[in-house]
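The next block holds one structure in the form of structure tokens; read it before the comments.
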Amino acid sequence: MPLVAGVDSSTQSCKVVIRDAATGALVRQGRAPHPDGTEVDPRAWWDALRTAVAAAGGLADVAAVSVAGQQHGMVCLDEAGEVVRPALLWNDTRSADAARDLIDEAGGGLAGRRFWAEAVGSVPVASFTGTKLRWLARHEPERADRVAAVCLPHDWLTWRLAGAPGLAALCTDRGDASGTGYWSPSTGEYRLDLLEQAFGRVVAVPTVLGPAEAAGVLDPATLGGVTPAAGPGAGSGVGRSGAAPGGIVLGPGTGDNAAAALGVGAGPGDVVVSIGTSGTVFSVADVPAADPGGAVAGFADATGRYLPLVCTLNAARVLDAAAALLRVGLDELTELALSAPPGADGLVMVPYLEGERTPDRPLSTGALHGLTLRTATPAHLARAAVEGMLCALADGLDALTAQGADARRVILVGGGARSAAVRRIAPQVFGRPVVVPPPGEYVADGAARQAAWVALGGAAPPQWADAGIREYDAEPVPAVRERYAQARDRTVDRTSG
Ligand SMILES: Nc1ncnc2c1ncn2[C@@H]1O[C@H](COP(=O)(O)OP(=O)(O)O)[C@@H](O)[C@H]1O
Ligand SMILES: O=C(CO)[C@@H](O)[C@H](O)COP(=O)(O)O
């Protein structure tokens, strides 16, 4: 059976998995770090992809590869296909004013938000590509003048794998297109009028492919010296082993959350909570969402359906920050958090360390409330960090269910789900059991499953064996969320200095 590769080019790193297309069995994998920051030269992602592919033993023996990536990042290209400026990422909040302006231009207030929710499924926030284009047009007009095409991180990487064959060859998928702010999940069409409104003129945008439509063929020269397979089970040259005679097919790819939904096989009644750099809460739906309140983004998924999603800017890094503050590792942070009582005796952390997207408070800062001599301990702080991060996600879960999501099962994934404290405290905060698949790369797995769908054909992605799940249940502790609700609006904004 052929092998397939899935890539997750996420905020903090690039991960590559090679799996058996028919069974989904993991054959080999690799990873490489990304630079820090909310503004990144896309060439750094390309270098990381090459390194991760090499660490995974190369792609010589795979039949198809799909790239999933962090959503929304603005990658601007000039006529020659060169990157115009470092990409502004989903967690870069400099375009918050642009988001507000776009809402105001549509009538402001609820009317403005309703307009956007109905037009493109989501109310603009600083994360979305269209607001970043508005920021570019306003703040860097000379660079803006050079822009001939705009695409997203996964679109650009797929295009590079194809050998960067001209701007007309750029392509994307429904899932990632739905996070731009100028593509409508309900009609399946670009809203070039809204792109023009945001940027001042229309530029080239990627063709939106169907869920299992090929994006082209990998140009082996692009991976240079890292293509030859080196790992166990690897083949020995393009066109040999499982690779298709016509070359390695490129799948359409998708946004990382849509890929995670594919990777965990999310179905009716499932809500996925992902704790990575972002915290996301989402489900797969048969009808598009349009939440004028703005908490739920009405994205599309990677199978032809929809992916209503709530995203916070502050998730796994809240734990990283708490560990750094306490000068402990993540394992010790877990031990500390679990040694404090639920509710941390009233210590509450509002986790807006990077500003916040949901609720829309791009300038906010984090806060600690309830400090007393009793709660001024490392254990209380560790517990408050885990609970505060989870309370923000629980608010997201409420927003998603208010939009009609059926949350019979919460599936917890992402780097933060590796923390035993997160796994054990989540049911107390969410008020329902959570299931946790074995630690893995579910975004890259979803991309691999899409690649298998492209390689094998068929009306639906191939069924892969369930990785097995572990259920965590605990008595709900409503007081934790009640106390958080008292605290979450009491934060100060960051100063310009
Ligand atoms: N055992 C652990 N406990 C808590 N956090 C962890 C643990 N292992 C990894 N992480 C965190 O997970 C994050 C990376 O998760 P990941 O889902 O790969 O993020 P992203 O997809 O945004 O790059 C890092 O911030 C890392 O510190
Ligand atoms: O902006 C969103 C979703 O709308 C984020 O979920 C990004 O897609 C980044 O994901 P991670 O790197 O945190 O997985």
Side-chain angles (χ1 to χ4, degrees), residues 1-8 16-27 59 61-69 154-155 158 161-162 171-178 185 188 206-218 233 235 238-239 241-270 272 282-288 299-307 411 437 440-468:
M1 258 298 171
L3 302 181
V4 288
V7 176
D8 172 15
V16 175
V17 300
I18 314 276
R19 288 186 175 268
D20 183 291
T23 65
L26 181 65
V27 177
L59 299 180
D61 54 353
V62 309
V65 53
S66 281
V67 181
H154 109 257
D155 312 342
T158 306
L161 285 172
C171 50
T172 189
D173 84 305
R174 295 170 68 254
D176 232 3
S178 64
T207 303
V208 181
L209 301 175
E213 200 175 336
V217 175
L218 183 137
V238 173
S241 305
I248 299 170
V249 178
L250 293 168
T254 191
D256 54 1
N257 294 293
L262 257 187
V264 298
D270 290 338
V272 181
F282 54 92
S283 61
V284 174
D286 291 325
V287 290
F299 295 151
D301 87 334
T303 67
R305 290 177 288 169
Y306 302 93
L307 195 82
I411 305 175
E441 299 302 342
Y442 291 97
V443 174
D445 289 348
R449 191 157 170 235
Q450 183 198 68
W453 191 8
V454 174
L456 302 176
Q463 286 300 325
W464 283 357
D466 213 325

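Considering every non-hydrogen atom in both Phe282 and Ala261, the closest pair reads CE1-CB, 3.9 Å. The shortest heavy-atom contact between Gly253 and His154 is C-NE2, 3.3 Å. Between Val443 and Ala260 the shortest heavy-atom distance is CG2-CB, 3.9 Å. The shortest heavy-atom contact between Ala214 and Leu209 is O-CD1, 3.8 Å. The nearest pair of heavy atoms linking Thr303 to Pro211 is C-CG, 3.7 Å. The shortest non-hydrogen separation linking Ser66 to Ala447 is CB-O, 3.2 Å.
Here the CG-CD1 distance, from Leu3 to Ile18, works out to 7.5 Å after rounding to the nearest 0.5 Å. Atoms OG1 and CG, on Thr158 and Leu218 in that order, are 10.0 Å from each other to the nearest 0.5 Å. Here the straight-line distance linking atom CG of Leu26 with atom CG of Asp445 works out to 7.5 Å at 0.5 Å rounding. Note that CG of Leu161 is 7.5 Å distant from CG of Leu59, once rounded to the nearest 0.5 Å. To the nearest 0.5 Å, the span separating CG on Asp155 from OG1 on Thr172 amounts to 3.5 Å. In this structure, the separation between CZ on Arg19 and CD on Glu441 is 10.0 Å, given to the nearest 0.5 Å.
You'll find the side chain of Val16 reaches within 4.5 Å of the side chain of Val7, heavy atoms only. Residues Pro252 and Val454 meet the side-chain proximity criterion, which asks for heavy atoms closer than 4.5 Å. A heavy-atom distance below 4.5 Å is not found between the side chains of Val284 and Asp270. The closest side-chain heavy-atom distance from Leu250 to Val65 is below 4.5 Å.
At most 12 non-hydrogen atoms from other residues, nucleotides or ligands lie less than 6.0 angstrom from CD of Gln463.
Listed for the Asp173 side chain is a donor-acceptor partner under 3.5 Å among the backbone atoms of Asp176. The backbone N or O of Gly458 lies less than 3.5 Å from a partner atom in the side chain of Trp453, making a donor-acceptor pair.
For Arg449, the salt bridge (charged side-chain N to carboxylate O under 4.0 Å, His left out) test picks out no residue, with sequence neighbours left out.
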